[in-house]
2 protein chains.
Amino acid sequence: MNTRQSGPGTTAQHALEGLRRAIIAGELRPGQRVRQEEIADNLGVSVAPVREALRVLEQEGQVEYRPRRGYFITELWASDLAEIYALRQVLEERAARKALPTLDDDAIERIALAARDCAEAAERGDVAAELAANRRFHFGMLESPDQVHTMRLIRLLWDSTESYRALYYNSPEERAKTVHAHDAILAAVRRRDADALVAELDAHRSRALEVLTRVLDGGGER
Amino acid sequence: MNTRQSGPGTTAQHALEGLRRAIIAGELRPGQRVRQEEIADNLGVSVAPVREALRVLEQEGQVEYRPRRGYFITELWASDLAEIYALRQVLEERAARKALPTLDDDAIERIALAARDCAEAAERGDVAAELAANRRFHFGMLESPDQVHTMRLIRLLWDSTESYRALYYNSPEERAKTVHAHDAILAAVRRRDADALVAELDAHRSRALEVLTRVLDGGGER
DNA sequence: CTCGTTTAGATTTTCGAAAATCTAAGCTAT
DNA sequence: ATAGCTTAGATTTTCGAAAATCTAAACGAG
């Protein structure tokens with residue numbers, strides 16, 4: 001059953017989406033080898049587009065490449081997460097302060113909608129939808145037209161930890177806290193209070209890192 | 001004449017190097033379309049590895065991809081350069097302050113050697129060698145084992161402006177200033193004076209941005 | 001003359017199979 | 001036994017050609 005008909009996207013894009021989904025869903029776990037032909041067969045395509053997609057994920061740091069040995073899902077340690085989250089703090093603070101004054105009512109409405117989507121997805125336990133809505137929420141308040149390169153880096157940092165974030169989202173008690181944190185962040189945006197916004201974002205991020213670190217050191221010790 | 005024998009590297013890596021060289025050498029200019037088959041023929045390989053290499057360059061921001069239309073060498077404007085250099089300032093200051101205390105005599109010797117290589121390459125007008133040595137010089141003082149993700153981002157920022165830096169290096173008067181700036185930077189490293197180092201790096205970077213911006217607004221106005 | 005349509009050529013994209021390489025089990029000599 | 005060598009099977013990597021799509025020039029209707 002070939003799920004793909006020649007549509008607007010290319011087969012390589014389809015392969016990239018399939019790989020991302022598999023990583024988020026936990027079908028491909030950190031450290032695991034990625035068998036190219038298996039992926040290709042599952043998606044009903046040949047290996048060429050799969051390899052292109054893997055090159056993209058390699059640059060994003062989601063897979064590691066060892067020539068003639070293949071691709072492996074990247075394994076992150078607590079120290080990696082700490083470094084990545086510290087970088088996010090620096091870059092996101094800059095982005096938030098630049099973008100906040102430029103947000104119009106329309107943009108804020110989109111952010112609020114994303115927050116609602118996020119809470120709803122969390123409610124019904126749809127991790128993939130929650131991850132997507134969470135991104136819309138955060139990126140919606142950081143994005144500004146003269147900061148495309150900053151956003152490129154921030155997106156990269158988010159990408160490299162996406163699979164670990166999926167773990168975090170499975171804790172029901174954390175979900176409630178996330179919803180509350182988003183409310184506080186949104187309120188700061190509405191008040192146009194940059195310092196408060198940055199403080200709330202920092203707190204939200206720290207909380208996530210803390211939980212993630214605990215999950216990591218506890219559960220998947222290689 | 002196939003320049004490639006099956007060696008340690010893969011054909012895709014060979015294609016990536018070839019593309020990088022062509023971009024630095026100015027054979028592929030900003031805005032220009034990249035004809036896959038032409039690249040493949042020139043390198044004596046097929047299109048598959050060329051496409052993989054292009055995916056890498058796409059993630060680095062060196063080429064832009066439009067599905068079914070092909071790849072185009074990225075065109076940067078003065079505003080893009082300003083943003084990228086501002087990001088470098090933030091990330092490189094962080095990296096330099098972290099790395100400086102960890103540099104041993106051996107590391108400093110490597111940096112000094114890179115500075116000499118850089119000056120020599122400049123002397124004989126070998127732009128490609130100068131670019132490579134310049135990287136060794138700068139990265140040598142930023143790199144530290146617990147900052148791999150930071151370095152990943154910094155490397156990305158350097159990559160995206162590599163072709164424009166090649167322009168800058170063609171000015172003979174600027175070359176002399178670069179040598180002098182490197183001396184001042186190296187001296188600060190030897191004194192272990194973090195504040196001075198950051199100040200010198202900032203000055204060096206600002207100078208480069210200034211010249212680059214002038215070259216850009218003057219010459220290739222599309 | 002302008003706008004939209006058709007069509008031929010160029011280019012990208014994907015495939016299926018061949019070639020190169022790696023992995024690990026089995027074997028031999030010490 | 002153990003270390004090193006050999007070999008069969010699995011996997012990655014590359015190729016050459018077919019299929020899909022785009023570009024731009026030629027054409028025709030209004």
Side-chain angles (χ1 to χ4, degrees), chain A residues 1-20 22-23 27-59 62-75 222, chain B residues 1-20 22-23 27-59 62-75 222:
Chain A
M1 168 178 54
N2 191 334
T3 52
R4 164 142 190 71
Q5 299 288 60
S6 67
T10 65
T11 304
Q13 284 168 341
H14 182 238
L16 183 55
E17 285 162 25
L19 280 166
R20 284 198 203 285
I23 291 173
E27 293 163 24
L28 296 173
R29 301 211 210 133
Q32 189 179 332
R33 175 191 204 135
V34 181
R35 294 231 319 287
Q36 301 175 7
E37 205 157 8
E38 180 179 314
I39 304 289
D41 288 348
N42 285 347
L43 295 167
V45 303
S46 72
V47 294
V50 171
R51 285 177 61 85
E52 286 189 30
L54 284 167
R55 284 283 186 201
V56 173
L57 292 175
E58 183 201 359
Q59 299 309 306
Q62 300 222 68
V63 303
E64 276 163 17
Y65 174 58
R66 298 159 70 190
R68 319 221 99 110
R69 312 235 156 135
Y71 293 86
F72 299 78
I73 306 292
T74 301
E75 232 174 335
R222 191 178 188 20
Chain B
M1 170 177 54
N2 191 334
T3 54
R4 163 144 188 71
Q5 298 288 58
S6 67
T10 65
T11 304
Q13 283 169 341
H14 182 238
L16 183 55
E17 285 162 26
L19 280 166
R20 283 198 204 285
I23 291 173
E27 293 164 24
L28 296 173
R29 303 215 207 127
Q32 189 179 332
R33 176 191 202 134
V34 181
R35 295 232 316 287
Q36 301 175 7
E37 204 157 10
E38 180 179 314
I39 303 290
D41 287 348
N42 285 346
L43 295 166
V45 303
S46 72
V47 294
V50 171
R51 285 177 61 85
E52 285 189 30
L54 284 168
R55 284 284 186 199
V56 172
L57 292 176
E58 183 201 359
Q59 299 308 307
Q62 301 222 67
V63 302
E64 276 163 18
Y65 173 58
R66 298 160 69 190
R68 313 226 167 244
R69 311 234 157 136
Y71 293 86
F72 300 77
I73 306 292
T74 301
E75 231 174 337
R222 196 181 186 14

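The sequence lines fix the lettering, A, B, ..., with proteins before strands; numbering per chain opens at 1.
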Quick one: on DNA chain C, does A/Arg66 or A/Val47 contact a more 5' nucleotide (nearest heavy atom)?
A/Val47

Would you work out how much the helix from C/dC1-D/dG30 to C/dT30-D/dA1 bends between its ends, with each end axis defined by five base pairs, to 10 degrees?
10°

Hey, does the side chain of B/Thr11 come within less than 4.0 Å of D/dT14's phosphate (OP1/OP2), counting only N and O?
yes

Figure out the CD/C1' separation between A/Glu52 and C/dT14, and round it to whole Å.
9 Å

So, do B/Arg68 and A/Thr10 sit near enough that their side-chain heavy atoms are less than 4.5 Å apart?
yes

Minimum-distance nucleotide to A/Arg68 side chain [options: D/dC15, C/dT21, C/dT14]:
C/dT21

Mind calculating the distance between CD (A/Gln13) and P (C/dT13) to the nearest angstrom?
9 Å

Taking the side chain as every heavy atom from C-beta outward, state whether A/Gln13 and B/Pro67 have any atom pair closer than 4.5 Å.
yes

Taking the side chain as every heavy atom from C-beta outward, state whether A/Leu57 and A/Tyr65 have any pair of such atoms under 4.5 Å apart.
no

Heavy-atom count around B/Glu37 CD within 6.0 Å, excluding the residue itself: above 12?
no

For atom OH of A/Tyr71 and atom P of D/dT12, their distance in whole Å
10 Å

Gap between atoms NE2 and P, on B/His14 and D/dC15 respectively (whole Å)
11 Å

Looking at side-chain heavy atoms only, is the closest gap between A/Leu28 and A/Ile39 below 4.5 Å?
yes

Rounded to the Å, how far apart are B/Arg51 CZ and D/dA17 C1'?
15 Å

If you look at every heavy atom in B/Val50 and B/Ala15, which pair is closest and at what distance?
CA-CB, 4.1 Å

Pairing of A/Glu58 and A/Arg55 as salt bridge, 4.0 angstrom limit
yes

Distance check needed: C/dT13 P versus A/Leu43 CG, whole Å only.
18 Å

Strictly under 3.5 Å: I want the nitrogen or oxygen pairs between protein and nucleotides 5-11 of chain C, one per line.
unit_1: C/dT11; atom_1: OP1; unit_2: B/Arg35; atom_2: NE; d: 3.2

Below the 4.0 Å mark, does C/dT13 have OP1 or OP2 next to a side-chain nitrogen or oxygen of B/Tyr65?
yes

So, is the end of the A/Arg33 side chain (NZ or CZ) under 6.0 Å from the ring centre of A/Tyr71 and within 45° of the ring's axis?
no

note: B/Leu16, atom CG; D/dT14, atom C1'; distance rounded to Å ~ 17 Å

B/Arg51: side-chain contact (heavy atoms from CB on, under 4.5 Å) partners, not counting sequence neighbours
A/Glu52, B/Gln36

